[in-house]
There are 2 protein chains.
Amino acid sequence: MASVLPLSGLRQSPEPLSWLNSIIKGDCVAALEALPDQSVDVIFADPPYNLQLGGMLTRPDQSLVDAVDDEWDQFASFEAYDAFTRAWLLACRRVLKPSGSIWVIGSYHNIFRVGAMMQDLNFWILNDIVWRKTNPMPNFKGRRFQNAHETMIWASRDPKAKGYTFNYDAMKAANDDVQMRSDWLFPICSGGERLKGEDGKKVHPTQKPEALLARVIMASSKPGDIILDPFFGTGTTGAVAKRLGRNFVGIEREQDYIDAAAARIAAVEPLGKTELTVMTGKKAEPRVAFNVLVESGLVKPGQVLFDQKRRFSAIVRADGTLASGGEAGSIHRLGARVQGFDACNGWTFWHYEDEGQLKPIDDLRARIRAGLGKLAD
Amino acid sequence: MASVLPLSGLRQSPEPLSWLNSIIKGDCVAALEALPDQSVDVIFADPPYNLQLGGMLTRPDQSLVDAVDDEWDQFASFEAYDAFTRAWLLACRRVLKPSGSIWVIGSYHNIFRVGAMMQDLNFWILNDIVWRKTNPMPNFKGRRFQNAHETMIWASRDPKAKGYTFNYDAMKAANDDVQMRSDWLFPICSGGERLKGEDGKKVHPTQKPEALLARVIMASSKPGDIILDPFFGTGTTGAVAKRLGRNFVGIEREQDYIDAAAARIAAVEPLGKTELTVMTGKKAEPRVAFNVLVESGLVKPGQVLFDQKRRFSAIVRADGTLASGGEAGSIHRLGARVQGFDACNGWTFWHYEDEGQLKPIDDLRARIRAGLGKLAD
DNA sequence: TCGGTTCATGAATCCAGCT
DNA sequence: AAGCTGGATTCATGAACCG
């Protein structure tokens, strides 16, 4: 039976949601019943990998590799694992907002089955992301390549969903101003970040690095969003969500993991609003109609605009449209028309003459946005 | 109907196999009927990815992206794609030797379904390999991460198969003497390597780089092995196989691709035996029994061996076994016994004294292998 | 001939918001 | 709900072209 353990909340709402910023104890599918339909923005799931280990594995020095042999990773067959996967994915699907997205991490043992099931359940894969480990465990027997990565699937709830969050500009800025790729490089979780028990042993066998979760959350959610982790473990998702100003919900069966996660999350200090501000691109800026430039006097009716190479020209009309050789329309439509294209960004295509030089009219828009419109003659 | 087109053969056998080093024209499953059971060593398959593209895609400069919209990549549903996948995988399974292995390449559109089906059909995944592209196509609309990799699944025919070829030492040597990882970095196929028609257009939309195939073939096959590619396309697998002294079989439906592949392969000059000699490590070296060291006089009966720290010692007996404190056995057994381990590499555990210094008996084995046994006193 | 610039292109499930 | 419109959006590579 699932029970809700409230933690220190991040979110003060007029109708407080009892499950927000808490860890729900119980089986994943049963516990999800505590959540309403379409109530979470992002799901990060780190399900059992269904490792099928033959026996003990020893290193060349005969030391024993501490394998993942926990009870929760044992399944009788692929069919059993598929049934389990289908059940939790469906439960997650119900609580995910139509504009939400889901991440699932796995290895070659399970990720193919998970990915196929996600497609069968009508999730729409956006990317598969490869987590390249800087320090993977070696292959001790020399019979395979070193297994040096894990795979994450990022998917929207529905094939045609357009509303999912992707902070493209923030990702690009974080990657030396080129697009963030689908292969990410991070160390495995170790050192001080790795939770250890009083006996010095790791608390959870598959604790994920916070850096990995940070990129996931920064890429696909906004501050204040609700992030669900149905296999909470020791709460990496919750800790990072709290630090990044997001709300979280965790589901976990084992009391030991819950205790460790709760203590860990309580110690997290959320970042301030300033630190959380992300790079945004033009899409986020307020719309300025070309007409406003005419009205403000930055562009005058009758003025002639050119493309950068003066191959085309057009005359500004008083209503904020352009005319050229019998054709007329918006700066975008006419830009497309004269070039024979379907589309065109008129702001960067059309230029005005200033002291003999051609400058894009986008510069004038920038002045409006900066509040300088009234200063223009 | 499938027909066999013989090419210049690499292999002269007393019972020539008509399909060897040839391209079989026809549908993959039907054409595979021409091959006997358990007749090929390695399969490399690059099946249709089942891309589901919405419409046209333009770059920011309004140019049109030349998408993969070929008829052979169209499937009515996931079910249809699964049925197709199951059929060709089963046909491949029949012709694959029990000691063989199979590679399948794909993207997130299809690889999860392929991987799950491979598991369902009792293939045993050895690795999933990520091909990281140095120069992937960008994401033009800024709505996802740049799709910068493809995934290959490497699997043995059966779960307990141990005989598959993996040239571990060659891979390690090629990777600056550290284990080859599961993420590989290669450019996409372009420039002079990319086959172009008379119109200057690419002959095949998805030609793979030869470097990728070279690593696959070098890692998982031996010279003289037979490599099957059931989706031959323009014959990258055949060209690389021939160059690396392997035999190939290709299956392809489109005559245009067959013509291009045949001409391409005919122009390939196989490497010589010297160039093909792979870096082989200890596993490939001839086995040397400890007894040989005793017989050759490099180790003398009654001589005392130690571990590196002189915590343990043992006496060499004339039959090539060791004795220590009432226990006796092979260098490996006794090494394990004195340490309380299940296993031990006696060659590196036991040391002999030489001018006051302890040196591993493995050094003596190396002298035998180098033909220096008789020079020893 | 050399160096700089322009241009084409690659397995791609690629827009959002308002009327 | 479907359609319309504003306008945002690309990286590495090699060939072609130019001065």
Side-chain angles (χ1 to χ4, degrees), chain A residues 99 119 123-128 155-156 159-164 166 168-169 172 175-182 280-285 287-291 309 320 329-336 341-350 361-362 365, chain B residues 46-70 72-75 78 81 105-111 131 133-151 187-194 196 200-202 204-209 231 233:
Chain A
S99 63
Q119 291 180 314
F123 289 99
W124 191 247
I125 298 177
L126 299 168
N127 280 113
D128 58 334
S156 62
K160 290 172 187 166
K162 305 250 182 215
Y164 66 88
F166 178 52
Y168 172 79
D169 297 287
K172 184 173 174 178
N175 193 41
D176 290 338
D177 288 320
V178 291
Q179 296 188 334
M180 187 69 79
R181 297 168 45 111
S182 54
T280 56
K282 286 184 180 175
K283 281 177 183 169
E285 296 189 60
R287 180 172 175 263
V288 174
F290 180 66
N291 192 31
K309 297 184 177 174
S330 72
I331 54 174
H332 312 295
R333 286 284 145 238
L334 198 71
F341 288 165
D342 284 339
C344 166
N345 183 343
W347 290 109
T348 52
F349 177 72
W350 293 110
I361 58 175
D362 204 24
R365 182 173 62 162
Chain B
D46 183 10
Y49 285 11
N50 190 25
L51 300 187
Q52 294 155 58
L53 308 177
M56 294 193 305
L57 178 67
T58 53
R59 300 186 177 83
D61 65 3
Q62 302 300 321
S63 66
L64 192 65
V65 175
D66 182 18
V68 177
D69 52 2
D70 303 72
W72 49 253
D73 198 41
Q74 307 300 320
F75 293 85
F78 282 137
Y81 187 79
I105 186 167
S107 66
Y108 65 84
H109 310 85
N110 71 322
I111 198 65
W131 168 28
K133 303 179 183 183
T134 59
N135 47 351
M137 188 183 296
N139 181 289
F140 294 115
K141 303 299 185 191
R143 293 297 295 145
R144 305 179 176 196
F145 297 95
Q146 182 183 32
N147 188 13
H149 74 276
E150 295 187 24
T151 301
I188 61 175
C189 181
S190 66
E193 186 184 326
R194 188 82 194 221
K196 304 272 173 64
K201 302 279 187 186
K202 58 192 175 191
H204 193 282
T206 70
Q207 185 181 340
K208 295 294 178 291
F231 304 97

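A, B, ... follow the sequence lines: proteins, then strands. Residue 1 opens every chain.
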Length of the line joining F231(B):CZ and dA11(C):P, which is rounded to integer Å: 18 Å
Residue R144(B), side-chain heavy atoms: nucleotide from dC14(C), dA16(C), dT13(D) that is nearest: dC14(C)
Sugar-phosphate only, base, or nothing, as touched by E285(A) at under 4.0 Å among non-hydrogen atoms: nothing
Closest-nucleotide ordering on DNA chain D, the 5'-leading residue of I331(A) and Q146(B): I331(A)
Aromatic Y164(A) / basic R144(B) pairing, under 6.0 angstrom, 45° off normal: no
K201(B), nearest nucleotide to its side chain (from dT10(D), dT9(C), dG10(C)): dT9(C)
Sugar-phosphate, base or nothing in reach of N345(A), heavy atoms under 4.0 Å: base
Sugar-phosphate, base or nothing in reach of T134(B), heavy atoms under 4.0 Å: sugar-phosphate
OP1 or OP2 of dC15(C) under 4.0 Å from side-chain N/O of K162(A): yes
Test item: side-chain donor near acceptor, S107(B) and H109(B), under 3.5 Å: yes
For dA8(D), the Watson-Crick or wobble counterpart (both distances under 3.5 Å): none
Residue-phosphate contact under 4.0 Å: Y164(A) side-chain N/O, dA16(C) OP1/OP2: no
Under-4.0 Å side-chain N/O to phosphate OP1/OP2 contact, K172(A) with dT10(D): yes
Side chain to side chain, P205(B) and W72(B), heavy atoms closer than 4.5 Å: yes
Flag side-chain contact, heavy atom, 4.5 Å: F78(B) against N50(B): yes
salt_bridge(K201(B), D66(B)) N-O dist < 4.0 Å: no
Interatomic distance, H204(B) atom NE2 to K196(B) atom NZ [nearest 0.5 angstrom]: 15.0 Å
Given dA12(C), dT10(D), dA11(C), the nucleotide with the shortest approach to the side chain of V68(B): dA11(C)
Pair D362(A) + R365(A), salt bridge at N-O below 4.0 Å: yes
Any R143(B) side-chain N or O less than 4.0 Å from OP1/OP2 of dA16(C): yes
Among dA11(C), dT13(D), dA8(D), the nucleotide that comes nearest once only the side chain of I188(B) is considered: dA11(C)
Which nucleotide in dA12(C), dG6(D), dG10(C) has an atom nearest any side-chain atom of R333(A): dG6(D)
Side chain of R365(A) - closest among dG10(C), dG6(D), dA8(D): dA8(D)
Span that lies between the P atom of dC14(C) and that of dG6(D), in whole angstrom: 24 Å
Touch class at under 4.0 angstrom, heavy-atom based, for P159(A) against every strand present: nothing
Interatomic distance at P, dA12(C) relative to dT5(D), whole Å: 31 Å
Residue closer to the 5' end of DNA chain C, G142(B) versus D61(B) (nearest nucleotide): D61(B)
Sugar-phosphate, base or nothing in reach of A343(A), heavy atoms under 4.0 Å: base
dG10(C) versus dT10(D) - spacing of their C1' atoms, nearest Å: 12 Å
Phosphate contact (dG6(D) OP1 or OP2) by S330(A) side-chain N/O below 4.0 Å: yes
Assigned partner base of dA8(C), Watson-Crick or wobble definition, under 3.5 Å: dT13(D)
Touch class at under 4.0 angstrom, heavy-atom based, for V65(B) against every strand present: base
Spacing between F140(B) atom CZ and dT9(C) atom P, to the nearest angstrom: 12 Å
For atom CD of Q62(B) and atom P of dA8(D), their distance in whole Å: 13 Å
Separation of atom NZ in K160(A) from atom P in dA16(C), rounded to whole Å: 15 Å
C1' spacing across the pair dA16(C) / dA1(D), given as an integer number of angstrom: 16 Å
Sugar-phosphate only, base, or nothing, as touched by Q119(A) at under 4.0 Å among non-hydrogen atoms: base
Nucleotide nearest Y49(B) (side chain, heavy atoms from C-beta), chosen from dA11(C), dG6(D), dT9(D): dA11(C)
Out of dA11(C), dG7(D), dT9(C), whichever nucleotide has its closest atom nearest the side chain of T206(B): dA11(C)
Sugar-phosphate, base or nothing in reach of G329(A), heavy atoms under 4.0 Å: nothing
Name of the residue among D70(B), D73(B), V68(B) meeting side chain to side chain contact (heavy atoms under 4.5 Å, CB included) with T206(B): V68(B)
Base-pairing mate for dC14(C) - Watson-Crick or G-U, with both contacts under 3.5 Å: none
Approximate separation, where rounding is to 0.5 Å, of T348(A) OG1 and I331(A) CD1: 9.0 Å
Spacing of E193(B) atom CD relative to dG10(C) atom C1', expressed in whole Å: 14 Å
Y168(A) vs Q179(A) side-chain heavy atoms within contact, under 4.5 Å: yes
L57(B) CG - dG10(C) C1' separation (whole Å): 12 Å
Side chain of D46(B) - closest among dA12(C), dT10(D), dA11(C): dA11(C)
Under 4.0 angstrom between K133(B) side-chain N/O and dA12(D) OP1 or OP2: no
Nucleotide forming a Watson-Crick or wobble pair with dG19(D), both distances under 3.5 Å: dC2(C)
Nearest-angstrom distance from the residue atom CE of M180(A) to C1' of dT9(D): 18 Å
C1'-based separation of dC17(D) from dT1(C) [nearest Å]: 15 Å
Donor-acceptor pair present, R59(B) side chain and dG10(C) base, under 3.5 Å: yes
Touch class at under 4.0 angstrom, heavy-atom based, for C344(A) against every strand present: base
Touch class at under 4.0 angstrom, heavy-atom based, for D66(B) against every strand present: sugar-phosphate
Short side-chain N/O contact from H332(A) to OP1 or OP2 of dG7(D), under 4.0 Å: yes
Length of the line joining N139(B):CG and dC11(D):P, which is rounded to integer Å: 10 Å
Touch class at under 4.0 angstrom, heavy-atom based, for P209(B) against every strand present: nothing
Touch class at under 4.0 angstrom, heavy-atom based, for I125(A) against every strand present: base
